[in-house]
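Right, one structure below, let's go through it.
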Amino acid sequence: MVACFAGQQKAAFDVESSWAENVTTFTYGMPLAAPVEISGISQDMLDPSRVTANRLAYSKGVLGPWNINYTTTHNLTGHGSTCAGAVSATALARLIGHVWGGRDTTLAAGTTLTGGTATVPTITTASGYAAGGMLRLGALGDGDGDGQFYMYSTHAASALNLLFAMNGAPVNGAVVYSPELVYPADSGCSMTGMRHRFLTGDLQFAVHGVFPTTFGFTGLEPGGHPQISIGWRGSWAQPLSASPTATPDADEYNWQPPSAGGSFFLQDYGTTTRATYGVRNFSLSYSLGMSAVMGGMGVNQYQTITGATRTKDTCTLSVVLDGQGVDTTPQWWDSWLANTDQQGCYSLHSADGTAVGFGFRRLHWMGPRPSQTSTSDRNTIPLNFQCEIGATTTTDLTLSPVLLALA
């Protein structure tokens, strides 16, 4: 038999009812941006460490525990369809939401702006937007919302209380786009297991008791290819025999380059005055805290992982902005010295269905004092922050240090 093309893969996932259960049904297609290295699904054969009577004799190995580690890569595509009306859950948001612990698709949908001010616009819907969320308002070039993402504190009596201002007071009829939101959940420490399925033209596997170990973003700089990579660890696996076309199918949405029609807002924490800056580089690092629970009584004889616990995550942001001219009181130089917390929002671009945005509730200064460097022979200033939880502790959403919006 001739081996098949290595890039031919189809992946699926589901959430387990109990850790590493022996179930091989899958509900959601996993959109992959690169083939998964199947060799990471393995089991060790251990040295028996026996003394032999003959000098050149050896003993058979001892079948050891499962050793399952692999990485999946995904394009950061946005929601994939219009968010001007009702918003349905996508597989990509479900996947990221499982890793971070928080996901929200309950935002009110299909509404418009009716007027109000740049910081407190009014909308057709009287209430319904979850406190501490994030929306995309208007259209690029309209002079008010400009199709950018905005974080807000509360929504009541048709008033949307933004954390920072739009470019101007909105006009009646401007569209409110309701994104899928994913965010780190502070409240939960227990990790629910997943199961993954990988179909290739040759070997096929179901992996049980899967949990994330690493999570990272790439390509968030201007003109970049925005992606996420997730490192996974599995508890046990089994080979399958299924049709390469077996359902579910993955969404086939295209990504859009960031900062094309987007913006970066950065302002002192608690100040609503709009302040946007040209971004020359943007790097978001997320270190996932996860601890495997080792023990017996697993589903499989060679399974040593029987659970996982969330520990402390760390999120850091590094941005490079343009130099700001001669000044005896440089803005970022002095802000760092005063240790003034910041708040931020990054809209990658503003097209309905493919828009992606990041919201940062509170940013602590970290690293070197912002001095001057150069990027492509132009003077630039690097800023470094640690993402902090929000001051409103009502829900995981209001607490979340970073918001990812797919609209």
Side-chain angles (χ1 to χ4, degrees), residues 76 78-79 83-84 87 89-90 92-93 96-97 100-109 111 113 118-121 123 125 127-138 144-156 159-167 170 174-186 217 220 226 258 262-267 269-270 272 274 276 282 284 286 315 317 342-363 387-392 394-407:
L76 205 52
H79 182 68
C83 289
V87 177
T90 63
L92 179 62
I96 303 172
W100 273 0
R103 183 173 62 88
D104 193 303
T105 55
T106 63
L107 295 175
T111 192
L113 296 167
T119 52
V120 188
I123 60 178
T125 307
S127 61
Y129 287 101
M134 189 168 162
L135 298 165
R136 198 170 67 81
L137 305 177
D144 39 72
D146 279 304
Q148 307 300 295
F149 283 97
Y150 295 86
M151 301 170 68
Y152 63 88
S153 56
T154 57
H155 170 218
L160 192 65
N161 295 291
L162 301 180
L163 296 181
F164 48 88
M166 297 186 289
N167 281 326
V175 177
V176 176
Y177 295 92
S178 303
E180 288 184 276
L181 294 178
V182 287
Y183 51 90
D186 187 82
F217 295 95
L220 301 182
S263 63
F264 178 59
F265 165 86
L266 188 65
Q267 181 59 279
Y269 179 72
T272 60
R274 187 161 185 81
T276 57
F282 188 99
L284 181 61
Y286 198 94
C315 177
L317 172 65
Q342 303 292 303
Q343 58 182 344
C345 188
Y346 185 40
S347 298
L348 270 64
H349 58 93
S350 54
D352 183 20
T354 58
V356 176
F358 290 92
F360 305 95
R361 299 198 187 281
R362 187 163 46 165
L363 295 167
C387 308
E388 175 63 293
I389 61 173
T392 303
T394 311
T395 65
D396 281 334
L397 180 57
T398 59
L399 269 173
S400 56
V402 57
L403 279 173
L404 172 60
L406 306 175

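Under the side chain to side chain donor-acceptor pair (under 3.5 Å) criterion, Asp396 pairs with Ser187, sequence neighbours left out. Every residue was checked against the ring pair (Phe, Tyr, Trp, His ring centres under 6.0 Å) condition with Phe149, not counting sequence neighbours, and none meets it. Considering only residues two or more places apart in sequence or on other chains, Asp186 meets the side chain to side chain donor-acceptor pair (under 3.5 Å) condition with none of them. In this structure Phe265 satisfies the ring pair (Phe, Tyr, Trp, His ring centres under 6.0 Å) test together with Phe164, sequence neighbours excluded. Applying the ring pair (Phe, Tyr, Trp, His ring centres under 6.0 Å) test to Phe217 and every residue at least two apart in sequence or in another chain returns Phe215, Phe358. Partners of Thr392 under the side chain to side chain donor-acceptor pair (under 3.5 Å) rule, at least two apart in sequence or in another chain, do not exist in this structure.
At least one side-chain heavy atom of Cys345 sits under 4.5 Å from a side-chain heavy atom of Met134. When side chains are defined from C-beta on, Tyr286 counts as touching Pro184, because their heavy atoms get closer than 4.5 Å. Put simply, the side chain of Pro179 reaches to within 4.5 Å of the side chain of Leu135, judged on heavy atoms. Ser178 has its side chain out of reach of His79: every pair of non-hydrogen atoms, C-beta onward, lies at least 4.5 Å apart. Within the 4.5 Å cutoff, the side chain of Arg362 has no heavy atoms near those of the Pro401 side chain. Phe360 places none of its side-chain heavy atoms less than 4.5 Å from the side chain of Leu266. Side-chain atoms of Tyr129 and Ile123, non-hydrogen and from C-beta on, do get closer than 4.5 Å to each other. Between Arg136 and Asp352, the closest side-chain pair of non-hydrogen atoms falls below 4.5 Å.
Note that CG of Leu76 is 7.0 Å distant from CG of Leu220, once rounded to the nearest 0.5 Å. To the nearest 0.5 angstrom, Cys315 atom SG is 11.0 Å from Glu388 atom CD. Annotation: the span from Arg361 atom CZ to Leu163 atom CG amounts to 7.5 Å, rounded to 0.5 Å. One finds the CZ atom of Arg103 at 11.0 Å from the CD1 atom of Ile96 (value rounded to the nearest 0.5 Å). Atom NE2 in His155 sits 11.0 Å away from atom CG in Leu162 (nearest 0.5 Å). Once rounded to the nearest 0.5 Å, the distance linking CD of Gln267 with CG of Leu363 reads 12.0 Å.
Across Pro121 and Leu113, no two heavy atoms sit closer than the pair CB-CD2, 3.9 Å. In plain terms, the two heavy atoms of Val175 and Ala84 that are nearest each other are CG1-CB, 3.9 Å. The nearest pair of heavy atoms linking Val182 to Ala93 is CG1-O, 3.4 Å. Considering every non-hydrogen atom in both Leu406 and Cys83, the closest pair reads O-SG, 4.2 Å. When every heavy atom of Ala165 is checked against every heavy atom of Thr119, the shortest pair comes out as CB-CG2, 3.3 Å. The nearest pair of heavy atoms linking Ser350 to Gly147 is CB-O, 3.3 Å.
Looking only at distances, a side-chain donor or acceptor of Thr395 sits under 3.5 Å from a matching main-chain atom of Leu397. Asp104 places no side-chain N or O within donor-acceptor distance of the main-chain N or O of Glu180, the cut-off being under 3.5 Å.
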Trace of the side-chain contact (heavy atoms from CB on, under 4.5 Å) decision for Gln148 with Arg274
CA-CA 12 Å; Gln148 307 300 295; Arg274 187 161 185 81; 4.2 Å; yes
As a quick check of understanding, evaluate side-chain contact (heavy atoms from CB on, under 4.5 Å) for Leu404 and Leu181, giving each step before the final call.
CA-CA 6 Å; Leu404 172 60; Leu181 294 178; over 6 Å; no
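The residue from Asp146, Asp144, Thr276 that alone fulfils the side chain to side chain donor-acceptor pair (under 3.5 Å) condition with Asn167 is Asp146. Leu137 pairs in a side chain to side chain contact (heavy atoms under 4.5 Å, CB included) with only one of the listed residues (Tyr150, Tyr152, Tyr177), which is Tyr150. Screening Thr111, Leu160, Thr125 for a side chain to side chain contact (heavy atoms under 4.5 Å, CB included) involving Val176 leaves a single residue, Thr111.
No hydrogens or angles considered: nothing links the side chains of Ser153 and Asn161 as a donor-acceptor pair under 3.5 Å.
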